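Report on the following structure.
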There are 2 protein chains.
Amino acid sequence: MDVKTLCLAVLFKGEATGYEIKKAFEEGPFAHFQRASFGSIYPALSRLLAEGLAEAEAREQDGRPDKKVYRLTAAGRDAFHQAIGQDPEPDQFRSDMLFLLYFARELPMDRVADLIDRYIDSYRSQAEHIVACRAQRLASGEEIDPGRWLVSGFGVAIYQAAADYLIENRDRLLSGNGRLPEAAE
Amino acid sequence: MDVKTLCLAVLFKGEATGYEIKKAFEEGPFAHFQRASFGSIYPALSRLLAEGLAEAEAREQDGRPDKKVYRLTAAGRDAFHQAIGQDPEPDQFRSDMLFLLYFARELPMDRVADLIDRYIDSYRSQAEHIVACRAQRLASGEEIDPGRWLVSGFGVAIYQAAADYLIENRDRLLSGNGRLPEAAE
DNA sequence: GAGTATATATATCGGTTCGATATGGAAAAC
DNA sequence: GTTTTCCATATCGAACCGATATATATACTC
């Protein structure tokens, strides 16, 4: 999924500036499972303009630089539908943390303990954050989009599962008895 | 975690060729949570040689081109320990599948059904694969490394949780009643 | 009140990494 | 007999990230 398609998707949900598109991947609806940097968003938007898939309107602001609000054209909406018709690439997950824990034997015990505790915290807080967003959306009374709801629920399930697994195996790792649990199964 | 560090890690576990390093990220111990392409592995290995962190030995083969077997130097082992002393970057997850499911409303019903079924299958088969590897390692009688054991167990837990969540919410998505489940909680 | 951090907003640049491709023969599958 | 997969190194263009430059308003802290 290239950044051009990602921009297409954000703009499909409504007009936006480059800055706002970035936010959609940082705290917005696509956070947690897609990302894009300014260094690829701005060139992608230029390409969108050049190909007639989007149009931009400059809005003056006092003090701040003018913002360019991008909006999809009819061709842009078609391109988006064409893009989501393609088969998706497999999911990919990257974790430096697991990489470090893999080499737990090469690290001081207290460092491993600290590492794993921070890891648990990060997963727990991310799960909680999504839960809070979902609760707010429910409370607001606005209509719930089933696709969006499934996706955020997926996030909660995975983050929760990760935190639970780590909590349950933390002490086993630290005591060095890596194999005990499964042997009992 | 750059590819240079990744190569350092693979070589820390024993001598290897560029090709074997690639396999370590495709089917080997680092699959599922780290990756690297030939386009970055070979330049990284050259840099390792240039910096004196590794040494290479050319081994002749009949028919096939010579293989270059890389091995860490003492400086390379130090560099590896120094690298795993650094704080890890946050985990990152990327999913085109979730991206598509987010836009389920814009897709034909049968396509969404097909998409989600394939998604469930991929997670289930990945979980099963790791479970099989773990069983084999247990049966082999070789000593179990606690770090490595924790990491592969993490993979099972997460893949299982993903498959379970999708199985449980599949029909709810397809019937369009996205919000019913949580409303009952 | 001064100083610092954060938010808004666009844009570019260097460096890293990916994905595809080239090469070429062996072995295995069909 | 033919196609696919495996072994093995290597490069190239395109894509992408992270940092940085620029500029101002607001908010927070000392």
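Quick caveat, the model's predicted, so the values are computed rather than measured. The sequence lines fix the lettering, A, B, ..., with proteins before strands; numbering per chain opens at 1.
Atoms NZ (B:K67) and C1' (C:dG24) sit 17 Å apart, rounded to a whole Å. Rounded to an integer number of Å, the gap from A:Q92 CD to D:dC17 C1' is 14 Å. Atom pair A:L45:CG and C:dT12:P shows a separation of 12 Å (rounding to whole Å applied). For the pair B:I41 CD1 and C:dG19 C1', the interatomic distance rounds to 13 Å; values are reported in whole Å. What separates CG of A:L48 from P of C:dT10 is a distance of 15 Å, to the nearest Å. Between B:R47 atom CZ and D:dT11 atom P the separation is 13 Å, expressed in whole Å. Put simply, CD on A:E89 is 7 Å from P on C:dG19, counting in whole angstrom units. As a whole-Å value, the separation of B:M1 CE from C:dT16 P is 15 Å.
For the OP1/OP2 pair of D:dT9 and a distance below 4.0 Å, the side-chain nitrogens and oxygens of B:Y42 include at least one atom meeting the criterion. For the pair B:R94 and D:dC17, the criterion of a side-chain N or O lying under 4.0 Å from OP1 or OP2 is met. Considering only side-chain N and O atoms, B:S37 lies nowhere under 4.0 angstrom from the phosphate OP1 or OP2 of C:dG19. For D:dC17, the OP1/OP2 oxygens have a side-chain nitrogen or oxygen of A:S40 closer than 4.0 Å.
Looking only at distances, a side-chain donor or acceptor of A:D145 sits under 3.5 Å from a matching main-chain atom of A:R148.
At a cut-off of 3.5 Å, with distance as the only test, no side-chain donor of B:H129 or B:Y159 sits close to an acceptor on the other residue. Side-chain atoms of B:Y119 and A:D91 include a donor-acceptor pair closer than 3.5 Å.
Among the nucleotides C:dA20, C:dG19, C:dT10, the one closest to the side chain of B:F38 is C:dA20.
Applying the side-chain contact (heavy atoms from CB on, under 4.5 Å) test to B:R77 and every residue at least two apart in sequence or in another chain returns B:F12, B:L72, B:A74. By the side chain to side chain donor-acceptor pair (under 3.5 Å) test, B:K13 is found to be paired with A:Y102, residues two or more places apart in sequence or in another chain being considered. Taking the side-chain contact (heavy atoms from CB on, under 4.5 Å) definition, one finds that B:A75 meets it with B:L53, B:T73, sequence neighbours left out.
With a 6.0 Å radius and a threshold of 12 heavy atoms from other residues, nucleotides or ligands, B:E57 has its CD atom above the threshold.
Note: B:F93 and A:F154 have parallel aromatic rings, judged against thresholds of 30 and 60 degrees for the angle between ring planes.
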Without placing hydrogens or testing angles, list every side-chain donor-acceptor pair under 3.5 Å for residues 33-41 of chain A, not counting sequence neighbours.
unit_1, atom_1, unit_2, atom_2, d
A:Q34, NE2, B:S95, O, 2.9
A:Q34, NE2, B:D96, OD1, 3.1
A:S37, OG, A:S40, OG, 3.4
A:S40, OG, A:S37, O, 3.1

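Of the residues in residues 15-28 of chain A, those lying under 4.0 Å from DNA chain C by heavy-atom distance are A:T17, A:G18, A:Y19, A:K23. For the segment residues 2-10 of chain B, residues with any heavy atom less than 4.0 angstrom from an atom of DNA chain C are, sorted by number, B:D2, B:V3.
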